[in-house]
There are 2 protein chains.
Amino acid sequence: MNLKPTDSELEILNILWEKGPCTVRDVHEVLEKNKEAGYTTTLKLMQIMHEKGLLTRDAKAKSHIYTSNISQEKTQGQLVKRMIDNVFNGSASQLVMQALGHHKPNAEELDEIKKYLERIEQAGKQENQ
Amino acid sequence: MNLKPTDSELEILNILWEKGPCTVRDVHEVLEKNKEAGYTTTLKLMQIMHEKGLLTRDAKAKSHIYTSNISQEKTQGQLVKRMIDNVFNGSASQLVMQALGHHKPNAEELDEIKKYLERIEQAGKQENQ
DNA sequence: ACAAACCTACGAATATTTTCGTAAATGCAA
DNA sequence: TTGCATTTACGAAAATATTCGTAGGTTTGT
């Protein structure tokens, strides 16, 4: 699936990824904390997302229950890939540097990243033997 | 300046960042390599970008010469920040991992990233003394 | 000077996203 | 059952992005 969720759609996906299956009301209440929005606006958005295949829904209950139909990881991956291509001319490491420069990771995150790098490095050496 | 260039605008900005000041024709010829597009479409886009303040232009020459009015670094930074907030729930390191996972950096890039990380780490230790 | 080529400005059509009002259906409580 | 609250479906307005045609001006070559 070739995905390009809009900003509004992403807001909804984030809620569903975090909270799991939700009614429109559930989602709407979370959205309302951060911004003005009419209930039917949220409803319509989720209906459209359903049409697009971004969400599945269970209509058995009195209120329909929506679930994200795309994985958070895959979506993140595709958006990152798009950004590398469109904004960083294909250079993933440039993106990495920008991300690190802007938002310093804490010690724990640093460790995680370093381990990840070492694994990549080891794999690279293997290939060159 | 609060920036949110669209995909089309980003294509044009990328060209201007790489080639420096350009006429509409210059930009259009590069765009044409990768996609179908009418000349007046490119013209209109660049005019709108000029209105928005994304581009400056010199109308002295027979053909106007456009220049990006926003820095590549700053724009990249803002887009990365937006992605961290909207897609990775504020976690820069998650974005980093995704980026590294998708596009393995070569040895040189790896070195660069590791040095960067070490600098961050040292700075962090200083703070805790 | 004349025509061909090129450039800008501008309006408008098209597409997409976001928002909301209204009507119909459903569930619930008195 | 009757009325109120909630939900869905749907159409359409509003906002934004993209595309292109046409008119009018400038430059260039002959």
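Every value quoted in this text rests on a predicted model; they were computed, and no experiment measured them. Chain letters run A, B, ... following the sequence lines, proteins first, then strands; residues in each count from 1.
Put simply, the side chain of A:Thr40 never gets that close to the backbone of A:Leu43: no donor and acceptor are under 3.5 Å apart. A donor-acceptor pair is defined here as one N or O able to donate and one able to accept, closer than 3.5 Å; no such pair exists between the side chain of B:Ser93 and the backbone of B:Val96.
Contact annotation: the side chain of B:Arg25 approaches that of B:Tyr39 to within less than 4.5 Å [non-hydrogen atoms, C-beta and beyond]. Residues B:Leu13 and B:Leu55 have side chains in contact (heavy-atom distance under 4.5 Å, counting atoms from C-beta outward). A heavy-atom distance below 4.5 Å is found between the side chains of A:Glu73 and B:Gln98.
Here D:dT16 presents its P atom at 10 Å from NZ of B:Lys4, a figure rounded to the nearest Å. Atom CG of B:Leu54 and atom P of D:dA17 are 11 Å apart (whole Å). Put simply, CD on B:Glu51 is 9 Å from P on C:dC10, counting in whole angstrom units. Between the P atom of D:dA17 and the CG atom of B:Leu43 lies a distance of 18 Å, rounded to the nearest Å. Between the CE atom of A:Met46 and the C1' atom of D:dT7 there is a distance of 13 Å, rounded to whole Å. For the pair A:Lys35 NZ and C:dT19 C1', the computed distance is 10 Å after rounding to whole Å. Atom NE2 of A:His64 is separated from atom C1' of C:dA25 by 11 Å (rounded to the nearest Å). Per the geometry, CE belonging to B:Met49 stands 13 Å off P belonging to D:dT19, to the nearest Å.
Of the candidates D:dT18, D:dT8, D:dT27, the closest approach to any side-chain atom of A:Val24 belongs to D:dT8. Listed nucleotides: D:dT19, C:dT18, C:dT17. Nearest to the side chain of B:Leu45: D:dT19.
Taking side-chain N and O atoms only, B:Arg25 has no distance below 4.0 Å to OP1 or OP2 of C:dC6. Phosphate proximity of C:dT8 to B:Tyr39: present, with a side-chain N or O under 4.0 Å from OP1 or OP2. Within the 4.0 Å cut-off from OP1 or OP2 of D:dT7, not a single side-chain nitrogen or oxygen of A:Arg57 is found. The side chain of A:Lys44 contributes no N or O atom lying less than 4.0 Å from OP1 or OP2 of D:dT8. Within the 4.0 Å cut-off from OP1 or OP2 of D:dT8, not a single side-chain nitrogen or oxygen of A:Gln47 is found. Distances shorter than 4.0 Å separate some side-chain N or O of A:Thr6 from OP1 or OP2 on C:dT18.
The residue B:Thr40 sits close to a base: some heavy atom pair falls under 4.0 Å. Residue contacts shown for B:Thr41 include a base, since a base heavy atom lies under 4.0 Å away.
If A:Asp7 and A:Lys62 are placed on DNA chain C by their nearest nucleotide, the residue sitting closer to the 5' end is A:Asp7.
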